[in-house]
Amino acid sequence: MKKVALHTLGCKLNFSETSTVGRQFIERGFEIVAPDQPADVFVLNTCSVTLRADRECQQIIRRVLRQSPDAYVIVIGCYAQLQPEELASIDGVDLVLGAREKFSIFEHSSGLRKESLPQVFVSCIDDVAEFAPSSSAEVGNRTRAFLKVQDGCDYRCAFCTIPMARGVSRSQSPGAVLSEAKYLAERGFREIVLTGVNVGDYGTKDGSSLLELVKAIQDVEGIERIRISSMEPNLLTKDMIDFMLASKVMCNHFHIPLQSGSDVVLRRMRRRYSRDHYRDLVEYIKSQDPDAGIGADVIVGFPGETAKFFEETYLFLVDLPVTYLHVFTYSERENTPAAEMEERVEPRTRSRRNEMLRILGQKKRYAFHRSFAGRTLPVLFESSRPGGRISGLTTNYIRVETGGTSMLTNSIQPVNITSADNAGCTGEISIPSFQTGDGVSNLHTDSYTQSLDVAPTMEFL
């Protein structure tokens, strides 16, 4: 049996699409092995959000070829669409496929035989308008499934290459999404994570909406949790928030990209909301459910981000009851408006600002985790760990570890939280155990207070 190794860079959407590619190989008799194992074929699904992602892609390819010099190397994903010739120039790469072609590996690979020159098949992104369904039904985590419902983006944020890599916004039909959700439930998945490039834009071109979709999916038998990967602030409505927090199936977890806490920088970024609008969303969520988990993406070092504007962002986040931060250092991306902007921020300053927000994010995450000490939370267990331990996630996106065997995998158990750190919480399984989150999945208690030492030295910003 031939072996194929799959490696994914980037977002949950990429993970979902890699799983679909993996199923194609399984159907043709391949065995899937870990990326660090010898393989006959290696597929790398790339990201190109930052310059670091591009470099990581090149490093991975070179590392794979040192391990399996005769492997047939296929590169797909955003980097492949944006820079196909650059990837094809890397020694050992055999096939580069763009956004339209990435699910047609066997139609373009000439029998997976290495040739003297690499093959490149990349369509113009303006011609990519069809929706290619995917989900993580077979490969990887078997407790949570990532289900792609939307692709592409019509927004033109000044820093972003995604519209050039994935094309216009488009959605899977509600009927097809429901069919896939039922299939995933039959496969035993307890939680579905809805993914896309701009998930909140789902159905807007077809007279539907994300709210209508999740209302339908929540009735699928066997699905006990629905999580939404990310929603733009201008598309997250109070109706959606109210529904998510009232539903026994929807997770009380929101990931809402912020990017900057300065209105001046937000306008330069071409974002579609203000800091006041963002604050109103977060405070409304917390007023309705103090236990809700709220994550934010932030970019530091964007052109024109002065020390004053960064300080606005920092202090804005200090006061905002978000529970974790994903901090990105701005990097110039070719063919984006931001790459041509003046007032660039010096790289060392970008790094310092990243570190400041990273530390702030750790403090916020720890304060959130610590607020659940002494309480009982339902945990969907995912994987066993060394030393007779097992871990899983709560509805509000807290990683919890406790003593237990792999027999607990894919079960939802109540865990008494005993301690917390930046990584998550630890606890003990409550007795008697239960298999669903009914009655416990959305706990509402008094607000937690973040006692954070967050006064920085602003002089070098």
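Side-chain polar atoms of T8 and T18 form a donor-acceptor pair below 3.5 angstrom. For D263 and S274, the side-chain atoms include no donor-acceptor pair closer than 3.5 Å. A donor-acceptor pair shorter than 3.5 Å can be found between the side chains of Q218 and S247. For E180 and Q172, the side-chain atoms include no donor-acceptor pair closer than 3.5 Å. In the model, E115 has no side-chain atom that pairs as donor or acceptor with a side-chain atom of S110 under 3.5 Å. For the residue pair R333 and T336, no side-chain donor N or O sits within less than 3.5 Å of a side-chain acceptor on the partner. For the residue pair T143/N410, the side-chain donor-acceptor check at 3.5 Å is not satisfied. Residues Q58 and Y79 have side chains that bring a donor and an acceptor to within less than 3.5 angstrom of each other.
Under the 4.5 Å side-chain criterion, counting only non-hydrogen atoms from C-beta, F381 is in contact with V379. In this structure, the side chains of T395 and R225 come closer than 4.5 Å at one or more pairs of heavy atoms. At a threshold of 4.5 Å between non-hydrogen side-chain atoms, the residues I294 and P321 do not count as touching. Using a 4.5 Å cut-off on side-chain heavy atoms (C-beta onward), Q150 and V177 make no contact. Within the 4.5 Å cutoff, the side chain of S260 has heavy atoms near those of the M269 side chain. Between D201 and L210 the shortest side-chain heavy-atom distance does not fall below 4.5 Å. Residues E332 and F159 form no side-chain contact, since every pair of their non-hydrogen atoms from C-beta on lies 4.5 Å or further apart. Considering only heavy atoms from C-beta on, V282 comes within 4.5 Å of V322 through its side chain.
Counting only distance, with no hydrogens or angles, the side chain of N14 and the backbone of T46 share a donor-acceptor pair below 3.5 Å. At distances below 3.5 Å, not a single donor-acceptor pair connects side-chain atoms of N396 with backbone N or O atoms of A292. Judged by distance alone, with hydrogens and angles left aside, the side-chain atoms of Y278 form a donor-acceptor pair with the main-chain N or O of I256 at under 3.5 Å. S391 places no side-chain N or O within donor-acceptor distance of the main-chain N or O of E401, the cut-off being under 3.5 Å. A donor-acceptor pair is defined here as one N or O able to donate and one able to accept, closer than 3.5 Å; such a pair exists between the side chain of D421 and the backbone of A423. Of the possible donor and acceptor atoms, none in the side chain of S68 sits under 3.5 Å from a partner among the backbone N and O of L65. Panel note: side chain T195, backbone K12; no donor-acceptor pair is recorded below 3.5 Å. Of the possible donor and acceptor atoms, none in the side chain of Q259 sits under 3.5 Å from a partner among the backbone N and O of L266. Remark: side-chain polar atoms of T161 are not paired, donor with acceptor, to backbone N or O of M164 under 3.5 angstrom.
Considering all non-hydrogen atoms of both residues, S171 and G203 come closest at OG-N, 2.9 Å. Counting all heavy atoms, side chain and backbone alike, V168 lies closest to K205 at CB-NZ, 4.1 Å. Residues Q81 and A99 approach most closely at OE1-N, 2.8 Å, considering heavy atoms.
Across L87, L9, I74, a single residue satisfies side-chain contact (heavy atoms from CB on, under 4.5 Å) together with L44, and that is L9. Checking R350, R344, R348 one by one against E346, the side-chain hydrogen bond (donor to acceptor under 3.5 Å, both in side chains) holds for a single residue, R348.
Taking the six-membered ring wherever Trp is involved, the centroid distance between the rings of F25 and F106 falls below 6.0 Å. Taking the six-membered ring where the residue is Trp, the centroids of H108 and F103 are separated by 6.0 Å or more.
Surrounding CG of D127 are more than 12 heavy atoms belonging to other residues, nucleotides or ligands, all under 6.0 Å away. Applying the 6.0 Å contact sphere to CD of E340 captures no more than 12 heavy atoms from other residues, nucleotides or ligands. Within 6.0 Å of NZ on K114 lie more than 12 heavy atoms contributed by other residues, nucleotides or ligands.
Here R28 pairs with nothing under the salt bridge (charged side-chain N to carboxylate O under 4.0 Å, His left out) rule; sequence neighbours left out. Listed by chain and residue number, R100 satisfy the side-chain hydrogen bond (donor to acceptor under 3.5 Å, both in side chains) test with E130 (two or more places apart in sequence, or in another chain).
Between D40 and K3, no side-chain nitrogen of the basic residue sits less than 4.0 Å from a carboxylate oxygen of the acidic one, so the salt-bridge criterion is not met. A salt bridge is defined here as a Lys NZ or Arg NE, NH1 or NH2 lying under 4.0 Å from an Asp or Glu carboxylate O, and E355 with R358 meets this definition. With salt bridges taken as basic N to acidic carboxylate O contacts below 4.0 Å, none links K102 and E107. Look at R113 and D94 and you find no salt bridge, because none of the NZ, NE, NH1 or NH2 atoms lies under 4.0 Å from a carboxylate O. The pair E312-K308 meets the salt-bridge criterion, with a side-chain N (NZ, NE, NH1 or NH2) lying under 4.0 Å from an Asp/Glu carboxylate O. At a threshold of 4.0 Å, the pair E232-R271 counts as salt-bridged, since one of the basic side-chain nitrogens sits closer than that to a carboxylate oxygen. Between E342 and R268 no salt bridge is recorded (no basic side-chain N to carboxylate O distance below 4.0 Å). Salt bridge status for E31 with K2: absent, with no side-chain N to carboxylate O gap under 4.0 Å.
The structure places OG of S104 at 11.0 Å from CZ of F121, a figure rounded to the nearest 0.5 Å. Remark: Q83 CD to E334 CD distance equals 5.0 Å, nearest 0.5 Å. Interatomic distance, D154 CG to R170 CZ, rounded to the nearest 0.5 Å: 9.5 Å. Here the OG1-CG distance, from T20 to N45, works out to 10.0 Å after rounding to the nearest 0.5 Å.
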- request: Let me see the working for E283 and K238 under salt bridge (charged side-chain N to carboxylate O under 4.0 Å, His left out), right down to the final yes or no.
  value: CA-CA 11 Å; E283 291 181 347; K238 287 190 175 181; over 6 Å; no
message: Run E17 and V21 through side chain to side chain contact (heavy atoms under 4.5 Å, CB included) and show every step you take.
response: CA-CA 6 Å; E17 293 180 338; V21 170; 5.8 Å; no
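Ring-plane geometry between Y324 and H326 is classed as tilted, the angle between the planes lying from 30 to 60 degrees on a 0 to 90 degree scale. By the 30° and 60° cut-offs, the orientation of the rings of Y330 relative to F302 is perpendicular.
Cation-pi geometry between R272 and Y155 is satisfied (NZ or CZ under 6.0 Å from the ring centre, within 45° of the ring normal).
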